[in-house]
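Below is one structure, written out as structure tokens, with a few remarks after it.
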Amino acid sequence: QVQLVESGGGLVQAGGSLRLSCVASGRTFNNYGMGWFRRAPGKEREFVAAINWRSSFTYYADSVKGRFTIYRDNAKNTVTLQMNNLKPEDTAVYYCAADRQGQISTRSLVYDDWGQGTQVTVSS
């Protein structure tokens, strides 16, 4: 099992930025596909962004494209979500997820391991 620990959430005004980090345990992090998802109050969990094992491919939800950037540092077992120009509708708990087979997907069922989540609140 891979343990994932997110950090970096908080309260920010609309138009501001936050950087979320996810640190993974395990020696084979560089083989994992990694994704970020979020769940807003009263809504289902939704895909945000994903990156493949060697950072050659990234994918974003339309709602965050151009504002969020996902990247990873395999030497530090870390995947980061840089969030700029935040909007109140970005308010949610953000989760990091790992696929040990190296796949990336918008579907949460593909991912094997999940972090505990970090709260992001954007005020208007």
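For reference, positions follow the sequence shown, starting with 1.
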(message) Side chains of Cys96 and Trp114, heavy atoms from C-beta outward: is any pair under 4.5 Å?
(response) no

(message) For residues Tyr95 and Val120: do they belong to one hydrophobic cluster (side chain heavy atoms under 4.5 Å, members Ile, Leu, Val, Met, Phe, Trp, Tyr)?
(response) no

(request) Check whether any side-chain heavy atom of Met83 sits under 4.5 Å from a side-chain heavy atom of Arg67, and report yes or no. (result) no

(request) Taking the side chain as every heavy atom from C-beta outward, state whether Glu6 and Tyr94 have any atom pair closer than 4.5 Å. (result) no

(request) First locate atom OG of Ser21, then atom CG of Leu81, and finally report the distance between them rounded to the nearest 0.5 Å. (result) 9.5 Å

(request) First locate atom CG of Asp113, then atom CG of Asp99, and finally report the distance between them rounded to the nearest 0.5 Å. (result) 9.0 Å

(request) Enter the distance from Leu18:CG to Gln82:CD here, rounded to the nearest 0.5 Å. (result) 8.5 Å

(request) Find out whether Gln101 and Val110 are in side-chain contact, i.e. whether some heavy atom of one side chain is under 4.5 Å from a heavy atom of the other. (result) no

(request) Could you tell me the separation between the CD atom of Gln116 and the OG atom of Ser7, rounded to the nearest 0.5 Å? (result) 9.0 Å

(request) Report, as yes or no, whether the 6.0 Å neighbourhood of atom NZ on Lys43 holds more than 12 heavy atoms from other residues, nucleotides or ligands. (result) no

(request) Show your reasoning for whether side-chain contact (heavy atoms from CB on, under 4.5 Å) applies to Tyr111 and Phe37. (result) CA-CA 11 Å; Tyr111 296 86; Phe37 289 75; 3.5 Å; yes

(message) Could you go through Val79 and Tyr32, starting from their C-alpha distance and side-chain angles, then the distance that decides it, and tell me whether this counts as side-chain contact (heavy atoms from CB on, under 4.5 Å)?
(response) CA-CA 11 Å; Val79 61; Tyr32 304 157; over 6 Å; no

(message) Tell me whether Phe47 shares a hydrophobic cluster with Val64, the cluster being built from Ile, Leu, Val, Met, Phe, Trp, Tyr side chains joined at under 4.5 Å.
(response) no

(message) Side chains of Thr69 and Tyr60, heavy atoms from C-beta outward: is any pair under 4.5 Å?
(response) yes

(message) Looking at every heavy atom in both Ile104 and Gly33, which two are closest together, and how far apart are they?
(response) CG2-CA, 3.8 Å

(message) Could you walk me through whether Gln119 and Thr91 satisfy the side-chain contact (heavy atoms from CB on, under 4.5 Å) test, starting with their C-alpha distance in whole Å, then the side-chain angles of each, then the deciding distance to 0.1 Å, before giving a yes or no?
(response) CA-CA 8 Å; Gln119 176 71 47; Thr91 295; 4.1 Å; yes

(message) Assigning hydrophobic clusters by single linkage (Ile, Leu, Val, Met, Phe, Trp, Tyr; side-chain heavy-atom cutoff under 4.5 Å), is Val5 placed with Phe29?
(response) no

(request) Give a yes or no on whether Val48 and Ile51 share a hydrophobic cluster (residues Ile, Leu, Val, Met, Phe, Trp, Tyr; joining criterion: side-chain heavy atoms under 4.5 Å apart). (result) yes

(message) Return the OG1 to CZ distance between Thr58 and Phe68, rounded to the nearest 0.5 Å.
(response) 14.0 Å

(request) Answer whether the closest heavy-atom distance between the side chains of Trp36 and Thr80 falls below 4.5 Å. (result) no

(request) Specify the closest pair of heavy atoms between Leu4 and Ala24, including all atoms of both residues, with the distance to one decimal. (result) CD2-CB, 3.4 Å

(message) Would you say CD of Gln3 has more than 12 non-hydrogen atoms from neighbouring residues, nucleotides or ligands within 6.0 angstrom?
(response) no

(request) Side-chain contact test, heavy atoms from C-beta onward, threshold under 4.5 Å: evaluate it for Arg38 versus Asp90 and give yes or no. (result) yes

(request) Look up atom CH2 in Trp53 and atom CZ in Arg72, then write down how far apart they are to the nearest 0.5 Å. (result) 9.5 Å

(message) Could you tell me if Asn52 and Arg54 have a donor-acceptor pair between their side chains, going purely by distance under 3.5 Å?
(response) no

(request) Please report the closest heavy-atom contact between Ala50 and Ser105, naming both atoms and the distance. (result) CB-O, 4.5 Å

